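Bear in mind the structure is a predicted one, so any value in this text is a computation, not a measurement.
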Amino acid sequence: MGQDYAAAVDRAENVLLPAFDSWRSRGLTDMVPAGVAPGSFDWLAGVFKAHQKWKEIDHKTRRLYEQGLSLFANHRLKDGTRAGSKQISDFTRGFVDAVYAKLLVVEEKDADGNIVRRERRRFANAAMVACRRAWFVGQRAEEKKVPAINPFSRMGLKARAPDQAVRDTPTATWEELVAFRAAAKGLGYN
């Protein structure tokens, strides 16, 4: 590191620590630019996470929001840029719907090398909910910078695919309910 303290600190902060973070995250931190452009979706997510509303969210939901915001922000667009680097003033409902459609389907290779498409509807829906909440919180916090029209609202998110059959909710008989209550009481639940 040398004898010069300022040079050592500069090298540690700008070379060694970023390299360590890259190694530790297996390159995922390389995808996020060092400086976040004001007015971008990454900036909006930062405003949301710095706001008091973020601190009021329980840790499990906060982790799901973090994953959802990251899923949207790290989505690669046709031009090779990340969705998170785009200016929120340019967001339209059509743009958000197009990204949602891409996030909804994942292509993976199976053991034989065949490409298998699967839907991840719950995860994509959760990402849109997190983005919607970030937009509303960001709009209240930065009223002049965040557009009032939230492109993530009123998306009509469905819990299941249109061609998917409705699952029957199993119902219990009176006798099963009585047996359940007795077992719960025996375990100390009142």
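A side-chain donor-acceptor contact under 3.5 Å links Asn125 to the backbone of Lys158. Of the possible donor and acceptor atoms, none in the side chain of Asp112 sits under 3.5 Å from a partner among the backbone N and O of Asn114.
In this structure the side chain of Phe91 never reaches within 4.5 angstrom of the side chain of Leu44, judged on heavy atoms. With a 4.5 Å cut-off on side-chain heavy atoms, Leu69 and Phe41 count as touching. Side-chain contact between Arg82 and Arg76 is present, with heavy atoms from C-beta onward closer than 4.5 Å.
Of the inter-residue distances, the one linking Leu77 atom CG with Phe95 atom CZ reads 5.0 Å to the nearest 0.5 angstrom. Atom CD1 of Ile57 and atom NE2 of His51 lie 10.5 Å apart (nearest 0.5 Å). One finds the CG atom of Leu64 at 12.0 Å from the CG atom of Leu71 (value rounded to the nearest 0.5 Å). Rounded to the nearest 0.5 Å, atoms CH2 (Trp54) and CZ (Arg62) are 6.5 Å apart. Within the model, atoms OH of Tyr65 and CG of Asp58 stand 9.5 Å from one another, a figure rounded to the nearest 0.5 Å. Atom CH2 of Trp43 sits about 5.0 Å away from atom CD1 of Ile88, to the nearest 0.5 Å.
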Let me have the donor-acceptor pairs involving side chains of residues 126-142, under 3.5 Å, with sequence neighbours excluded, atom names and distances please.
unit_1 : atom_1 : unit_2 : atom_2 : d
Trp135 : NE1    : Pro147 : O      : 3.0
Gln139 : NE2    : Val146 : O      : 3.4

Cut-off 3.5 Å, no hydrogens considered: what does the side-chain donor-acceptor table look like for residues 173-186, sequence neighbours left out?
unit_1 : atom_1 : unit_2 : atom_2 : d
Thr173 : OG1    : Glu176 : N      : 3.2
Thr173 : OG1    : Glu176 : OE1    : 3.4
Glu176 : OE1    : Thr173 : N      : 2.8

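Counting heavy-atom neighbours within 6.0 Å of Arg120 CZ, excluding the residue itself, gives a total above 12. Atom CD1 of Ile149 sits in a sparse spot, with 12 or fewer heavy atoms from other residues, nucleotides or ligands closer than 6.0 Å. Residue Lys55 qualifies as enclosed at atom NZ: its count of foreign heavy atoms under 6.0 Å is above 12.
In this view, Glu66 and Lys49 satisfy the side chain to side chain donor-acceptor pair (under 3.5 Å) rule, not counting sequence neighbours. Every residue two or more places apart in sequence or in another chain that forms a salt bridge (Lys or Arg N to Asp or Glu O under 4.0 Å) with Arg118 is listed here: Glu108. Residues that satisfy the side chain to side chain donor-acceptor pair (under 3.5 Å) test with Thr81, not counting sequence neighbours, are Asp79, Lys86.
Shortest non-hydrogen contact noted between Ser40 and Gly84 is CB-O, 3.6 Å.
Sequence neighbours left out, not one pair with a member in residues 87-98 passes side-chain hydrogen bond (donor to acceptor under 3.5 Å, both in side chains).
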